[in-house]
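Data first, discussion second: the structure below is written as C-alpha cells.
First the proteins, then the strands, lettered A, B, ... as listed; each starts at 1. What's counted below: heavy atoms across the whole structure, side chains too, no hydrogens, waters or symmetry copies.
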4 protein chains.
Amino acid sequence: MEHMTTVSVQESADQDRKAPGRPRNAQADLDIIQAVFDLLGSGLSATALSIEAVAAKAGVGKATIYRRWPNKEALLVDAIATMKGPLPKPVGESVRDDLVMLVSAMRNKRMERYGKVTACLLPEMAKSPELRRIHQSVVEPRREVTRGVLRRGIETGELRADLDVELTLLMLSGPIFAQNVMQWSPLATDENFAEALVDAVLRGAAA
Amino acid sequence: MEHMTTVSVQESADQDRKAPGRPRNAQADLDIIQAVFDLLGSGLSATALSIEAVAAKAGVGKATIYRRWPNKEALLVDAIATMKGPLPKPVGESVRDDLVMLVSAMRNKRMERYGKVTACLLPEMAKSPELRRIHQSVVEPRREVTRGVLRRGIETGELRADLDVELTLLMLSGPIFAQNVMQWSPLATDENFAEALVDAVLRGAAA
Amino acid sequence: MEHMTTVSVQESADQDRKAPGRPRNAQADLDIIQAVFDLLGSGLSATALSIEAVAAKAGVGKATIYRRWPNKEALLVDAIATMKGPLPKPVGESVRDDLVMLVSAMRNKRMERYGKVTACLLPEMAKSPELRRIHQSVVEPRREVTRGVLRRGIETGELRADLDVELTLLMLSGPIFAQNVMQWSPLATDENFAEALVDAVLRGAAA
Amino acid sequence: MEHMTTVSVQESADQDRKAPGRPRNAQADLDIIQAVFDLLGSGLSATALSIEAVAAKAGVGKATIYRRWPNKEALLVDAIATMKGPLPKPVGESVRDDLVMLVSAMRNKRMERYGKVTACLLPEMAKSPELRRIHQSVVEPRREVTRGVLRRGIETGELRADLDVELTLLMLSGPIFAQNVMQWSPLATDENFAEALVDAVLRGAAA
DNA sequence: TACTAAGCGAGACGGTACGTCGCGTCTTCTT
DNA sequence: AAGAAGACGCGACGTACCGTCTCGCTTAGTA
C-alpha cells in the first residue's frame, strides 16, 4: 500500500525505525485535504477539481501531492476517509435509536461534499478493482457497524429471526446514497428523514 | 432542447419541411451509441471513454458527434436512454408482481454498462443542474411508473393508506442504484433479489 | 523525417495528393519561429527558451508546436535554418572576393541569435547523432559552397595544388564559429575581420 | 569568489585559522568530479547530466555539491579545469614545436568529454557574462601561453613582424574548438592534424 | 568528558518545464 | 448541408530537476 489511506495504518507499520531524510510536512497533508474541501465548497464543477488547483489552493507544489498519493483518485479516497471522521459507535439501548443515529451520521451537512467527491471517484472505480478495494476499506467498516446493530437486534428478538441482514443494510444505505450522490428526491432536506426511513424499514423487519 | 435526448422527440418536431442539404446519416447515430457500448464493454476505464475514442471506434468524425449532442455528457445521457429501452408497462394485476417486474427491469445484464455510464456522468451532474435536469428527464418517467403502481396500491387497499410514496420509491430504487453504480453487496447476482427486495419493502408497506 | 527541417523538402515530397483534414496553419509556423527570435532577442537566458514561453509568445497552443517538431531541439534546428536564409552564391571572379563574401555572411548581425540558438542545441547534439545529422543537413550545404570555391581556386591556379581543402575550410569556419558561439576575441566587431581572416588564410594557401 | 574554480586558490586563501566544525571531505570533491566524467562517459545525453544524477553516482547528498559550487554551471567549469590539467609549458626551442605541442594538448582523448561539458555550459554562458568570465578564467591562461609563443616568435624573427597575434590565435584554437565541441570534420582523428594545422597557419605567418 | 559547530546522506519542499492527451471548435475537401 | 479528417487554443496530466530546507548522524576542535 503505497499511499496513506489512513494515517494510523502507516504509523503502526514501521518498526520505530525513523525514515532517513527530511520528514514529510504533516501540515501539508492537512492543507491539501482542506484545499480539496474548499474547492468543492466553492461551487465549482467536480471535473474542475484538478490536482493543479488543489496544489495552488493549498500553497503546495504538485510533487508534494504526488509524493503522498499516486493519483487524483487515491487523494479523493483519503479525502472521503477524512470527511467520514471516526467510526460511529451505537449506544445499544434500542435497535431503532442506533439505526437512526447511524443513518443520520450518513446525512449531515458534510455529506454534500461527500457526494461530490464520490461522484469524482466513480468513473475510475467503475473500472479499477484496486481503487474499489481502497474505497471499500474506508466504507465497509461503517457498513459493518450497521450489520452489528442488525445482528444484535435479531439476538435480542427486536428483529425477525429470519431477517436478511445484507438486504436490510442495502435498504438503509441505498436510499441515503441515492440522495447524497444522485441528489434524488428533495425530501433529503427533511430533518425527520432518517427516522422515517428507519421506521419504514423496521416496520417490515420487526419481529 | 438542443440535443436529441430521444430520437422520437426530434423526429416529431419538424414539420414535414425537408431540410436543405445532405440529410443526416441515421446509421451514424446507431454507430456512435454502439461505440459507446463497445468501449465500455471492452473493459477499459470509464475515464477513457473519450469522445475521441468513441469517434474512432464508430468510424466517425468528431464533428458528427458534436452535431448531434452538445457535449460528452449529453451523449452519455442518450446512451442511458437507449440502454433503458422503452418505458415498462405494469400489468396491474397485483402491486407485488408489478414492482418485481419494475425492479427486475432495473437490474438486467445491460445494467452493468448502465452503472459505468452513470458513473461517467456523476462528476458533471454534481455541479450542473442543467445536466441533472436532462438526466432526470430520462430517469423520472420510470420512477413515475413506480409511483403510479404504489398509488394504485393505496387506492385498491393493497398498501397502507398513509404510505409515504416517495420514501418507498427511494427504498426500491436506492438499493438497486447502490448495486448498479457502486457495486455494493455481491448479492446483486442473486436472481431472486428483486423479489426479496419487493417483499421486504411490502412487508412494511402492506395494509 | 517527421519534422520539417526545411519547408521546401516537405512540399516536394508528396505527390500532389492533398492531405485530408484541416491543413496546418502556415502562419503559425512563422509565428512560432518569430517567437523564438523575439525571446532570444529580449535578452533572456537560452535556458529560459522554453517551449511554453515560445507558445505563449506566439499565441499558440503547445500542441501546435509539438505537431510540427518532435521536441525543442528540432524546433531550434529549423530556427537556425531560417536564420541562415538562402544558400549564398559565390560570384566566381576571384577566390579572395568569394571567401570574403562567404565569411562575412557567417558574421552578420543575425548571427548573434544564431550563436544563442546553437548554444541551446549543443548539449543535446553532443549525444544525439540523429540531431547532429539534422543540424549538419542545414550547415553542411554552406560548408560545401566554400569547398567549391577552394577547389575552383586550385583548378585556376589561384591556390596551391596540394592544398588541404578540409583543413582550410576549418581554418575559415572555426574562428567564425568560436566567435559566434563562444564569443571569443572581441575583435569580432571589427568590420575588416572577414578580410583579415581570409587574407591570413590565403597567405599560406596561395600558389 | 564563492566557489572553488581551482582548489589551489582556495587553500591559499585561508590564514592558517582552522575553521570550526567538521572539515569538508576532500574525497567528496574528487568523487563528484569523477561522477561527472563517468556520466558523460556512459554515453548518456548531456542534458541528462543533472545534479541529481551526479549526486547519486558519487554517492553524495545534493547539499554536498551545492556547498561547494553555487550551481550546476560552476561545477562544470571546475570539471573543465580539472580536465585541462596543469598549464602546458612551451619548451621554447622553436615556435613550430611549441605550437604543435599546445595544439596537441587541446586535442587529446580527454577532450571528447571536454566538448560535452562545454556544450552543457554554452546555453547559460550565452546569457550570463558572469559565467563567461569564470569560464574564461580557466581558458584564457592557456590562450595566453599561446600568445606568448607567438610574440616570442615575432621577437626572434621566426614570425612576421606585423603578425596579428589575436587573429592567429583564433586560427589555431577556432578549428580545434569546432572539432571538439561541434564535432566537425572527421579528420579530427588524424594524428598529424596538429602538425598540419600549425604548418598551414605558419605558412602564412612566417617571416 | 562534554559542548559546539559544521559536514554529511537522505530526501521533502515550492517551483518550472517537459511532452501527452482530451476537450469542444474550426477549416479543409468530398459526398 | 453532412461527413471524415484532422488542426487549433486550451488546460490538466504525471514526471523530472532545480536549488533550498530540514532531519538524524558523524567528526572534528574547544572547554
Side-chain angles (χ1 to χ4, degrees), chain A residues 18-25 27-28 47-56 58-72, chain B residues 19-25 27-28 47-56 58-72, chain C residues 17-25 27-28 47-56 58-72, chain D residues 18-25 27-28 47-56 58-72:
Chain A
K18 198 57 187 301
R22 176 174 172 176
R24 298 251 173 104
N25 179 356
Q27 186 59 43
T47 311
L49 184 67
S50 60
I51 290 283
E52 307 222 320
V54 172
V60 139
K62 263 201 296 181
T64 298
I65 297 183
Y66 282 107
R67 212 171 280 124
R68 287 162 166 74
W69 296 277
N71 50 47
K72 188 163 144 175
Chain B
R22 173 173 171 179
R24 291 207 181 155
N25 180 356
Q27 186 60 41
T47 309
L49 185 67
S50 59
I51 289 284
E52 311 226 320
V54 172
V60 137
K62 269 202 294 178
T64 300
I65 297 182
Y66 281 106
R67 208 172 284 120
R68 288 160 164 78
W69 295 277
N71 52 46
K72 184 166 154 175
Chain C
R17 263 209 330 100
K18 200 58 188 301
R22 175 174 173 176
R24 299 255 172 101
N25 179 356
Q27 185 61 42
T47 309
L49 185 68
S50 61
I51 290 284
E52 308 222 319
V54 172
V60 137
K62 262 200 296 180
T64 298
I65 297 182
Y66 282 107
R67 212 171 279 124
R68 288 160 165 76
W69 297 276
N71 51 48
K72 189 162 145 176
Chain D
K18 205 56 184 297
R22 175 175 170 178
R24 293 214 181 144
N25 180 355
Q27 185 60 42
T47 308
L49 185 67
S50 60
I51 288 285
E52 310 225 320
V54 172
V60 138
K62 270 203 293 179
T64 300
I65 297 181
Y66 281 106
R67 207 171 285 123
R68 289 159 163 76
W69 296 276
N71 51 47
K72 186 166 151 173

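Ranking F:dA2, E:dG24, E:dA12 by closeness to the B:R67 side chain, first place goes to F:dA2. Checking E:dC13, E:dG24, E:dC18 against every side-chain atom of C:S50, the shortest atom distance belongs to E:dC18. In the set F:dC18, F:dA5, E:dC8, the nucleotide with an atom closest to the side chain of C:P20 is F:dA5. Taking the side chain of D:T64 as heavy atoms from C-beta on, and the options E:dG9, E:dC13, F:dA28, the nearest nucleotide is E:dG9. The B:R22 side chain lies nearest to F:dA2 when the options are E:dC18, E:dC8, F:dA2.
Heavy-atom minimum distance, B:N25 versus B:R68: O-NH2, 2.9 Å. Nearest heavy atom pair, residue C:R24 against residue C:R67, reads NH2-O, 3.3 Å. Here the shortest heavy-atom pairing between B:V60 and B:A28 reads CG2-CB, 4.4 Å. Taking every heavy atom of both residues into account, D:A53 and D:A48 meet most closely at CB-O, 4.1 Å. Closest approach of C:Y66 and C:N71 over heavy atoms only: CE2-CA, 4.2 Å.
If you take CD of C:Q27 and P of F:dA7, they are 18 Å apart, rounded to a whole angstrom. Rounding to whole angstrom units, CD1 of residue B:I65 and P of E:dT25 are separated by 13 Å. The distance from atom CD1 of B:I51 to atom C1' of F:dA5 is 16 Å, rounded to the nearest whole Å. Rounded to a whole Å, the CG atom of A:L49 is 14 Å from the C1' atom of F:dC13. Atom CD of A:E52 and atom C1' of E:dA17 are 12 Å apart (whole Å).
The 5' end of DNA chain F is approached more closely, in terms of each residue's nearest nucleotide, by B:G61 than by the other of C:A58 and B:G61. Toward the 5′ end of DNA chain F lies the nearest nucleotide of C:V60, the other residue of the pair D:K72 and C:V60 mapping further downstream. Comparing C:Y66 and B:A63 by the nucleotide of DNA chain E whose heavy atom lies nearest to each, the residue mapping closer to the 5' end is C:Y66. Nearer to the 5' terminus of DNA chain E, by closest-nucleotide assignment, is the contact made by A:N25 (compared with the other of C:G21 and A:N25).
Dashed line: the shortest gap from a side-chain N or O of B:R24 to OP1 or OP2 of E:dT31 is not under 4.0 Å.
For a distance-only test at 3.5 Å, the side chain of C:K62 qualifies as a donor-acceptor partner of the base of E:dG19.
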